Amino acid sequence: MKMKLIVLVLGLVVLAAVGICGCGNRELSNMTADDSLPSFQKLDSSNEDSPPADSLEDNSWAETELVALADTREDAEEIAELYGIELSTYSYGVATYTTDKNPLELRALGEENGYPELTPNYENELYTEP
C-alpha cells in the first residue's frame, strides 16, 4: 500500500513538473481588438461576396441550383412539379433542385401562387488570411 502511494505521489510530481515547464519555450500573449484579425461584416444582400442581383437577370447561368425546405421527400417532389424543375437531392428536410430556368422568374411564380420559397444555393467560403 505504501509503495502505491509513493508511485502515485511521484506521478503527480512529474505531471506537475511537465505542466509547469511545458513542451518547449512558449510565450503567452494577450490579444487586443486591434490585432491582425479579419473583421466580420454584417450579412446582407449588399455583401460583396454574394452574386449581384443583375447577374440573375441576364442569361449568364447555365444551370442553377436551388434549395427549399420540405418535410418529406414526397413534399420535395411536389415542389419540383409545381415549379417544373428537377429534384436533385433530398436530405434532412432540405431539397436541392437543378434547373436552367431564370431563378427570378421562378421566384416570382412562387410568390404569385403561394408556393414554398426557393433560394439559390450559393457557396460561401469563410475568409482566411494566406
Side-chain angles (χ1 to χ4, degrees):
M1 179 73 175
K2 189 174 183 182
M3 185 63 152
K4 287 183 182 180
L5 184 58
I6 292 173
V7 170
L8 179 63
V9 170
L10 185 59
L12 289 174
V13 169
V14 170
L15 284 175
V18 169
I20 291 171
C21 295
C23 296
N25 256 348
R26 295 185 185 185
E27 293 181 19
L28 296 178
S29 62
N30 293 326
M31 296 186 72
T32 60
D34 61 338
D35 283 344
S36 61
L37 292 176
S39 60
F40 294 100
Q41 298 174 348
K42 180 181 175 187
L43 295 176
D44 61 4
S45 60
S46 65
N47 190 348
E48 298 173 355
D49 295 335
S50 62
D54 57 345
S55 72
L56 296 176
E57 292 174 1
D58 61 9
N59 292 334
S60 64
W61 67 90
E63 190 171 83
T64 304
E65 192 171 76
L66 304 165
V67 295
L69 299 177
D71 293 329
T72 63
R73 183 170 185 83
E74 290 76 28
D75 290 344
E77 291 169 351
E78 184 179 325
I79 293 170
E81 289 178 22
L82 291 172
Y83 284 100
I85 56 179
E86 180 184 341
L87 174 65
S88 299
T89 62
Y90 174 79
S91 180
Y92 298 106
V94 178
T96 305
Y97 304 93
T98 53
T99 183
D100 57 353
K101 297 180 180 180
N102 185 328
L104 294 177
E105 291 175 4
L106 289 174
R107 187 176 187 125
L109 174 70
E111 288 175 0
E112 185 178 297
N113 295 313
Y115 296 161
E117 185 177 358
L118 291 175
T119 305
N121 191 16
Y122 297 123
E123 257 184 58
N124 291 322
E125 295 180 14
L126 181 65
Y127 171 78
T128 58
E129 286 191 38

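Small disclaimer: the values here were computed from a predicted structure and weren't measured.
- Closest approach of Ala80 and Tyr97 over heavy atoms only: CB-CE2, 3.6 Å.
- Residues Leu87 and Arg73 have side chains in contact (heavy-atom distance under 4.5 Å, counting atoms from C-beta outward).
- Atom CD in Glu105 sits 10.0 Å away from atom OG1 in Thr99 (nearest 0.5 Å).
- With contacts defined as side-chain heavy-atom distances shorter than 4.5 Å, the pair Leu118/Val67 does not qualify.
- The two residues Ala76 and Ala95 make their nearest non-hydrogen contact at CB-CB, 3.6 Å.
- Annotation for Leu104 and Asn102: closest pair N-OD1, 2.8 Å, computed over non-hydrogen atoms.
- Rounding to the nearest 0.5 Å places CD1 of Ile85 at 11.0 Å from CG of Asp100.
- Interatomic distance, Glu78 CD to Leu82 CG, rounded to the nearest 0.5 Å: 5.5 Å.
- At a threshold of 4.0 Å, the pair Glu111-Arg107 counts as salt-bridged, since one of the basic side-chain nitrogens sits closer than that to a carboxylate oxygen.
- A donor-acceptor contact closer than 3.5 angstrom links the side chains of Thr96 and Thr89.
- Rounding to the nearest 0.5 Å places CD of Glu86 at 4.0 Å from OG1 of Thr98.
- When all heavy atoms are compared, the tightest approach of Leu106 to Tyr83 is O-CE2, 3.2 Å.
- Here Thr64 contributes atom OG1 and Lys101 contributes atom NZ; the two are 12.0 Å apart, rounded to the nearest 0.5 Å.
- Atom-to-atom distance recorded for Tyr90:OH and Ile79:CD1 is 9.0 Å, nearest 0.5 angstrom.
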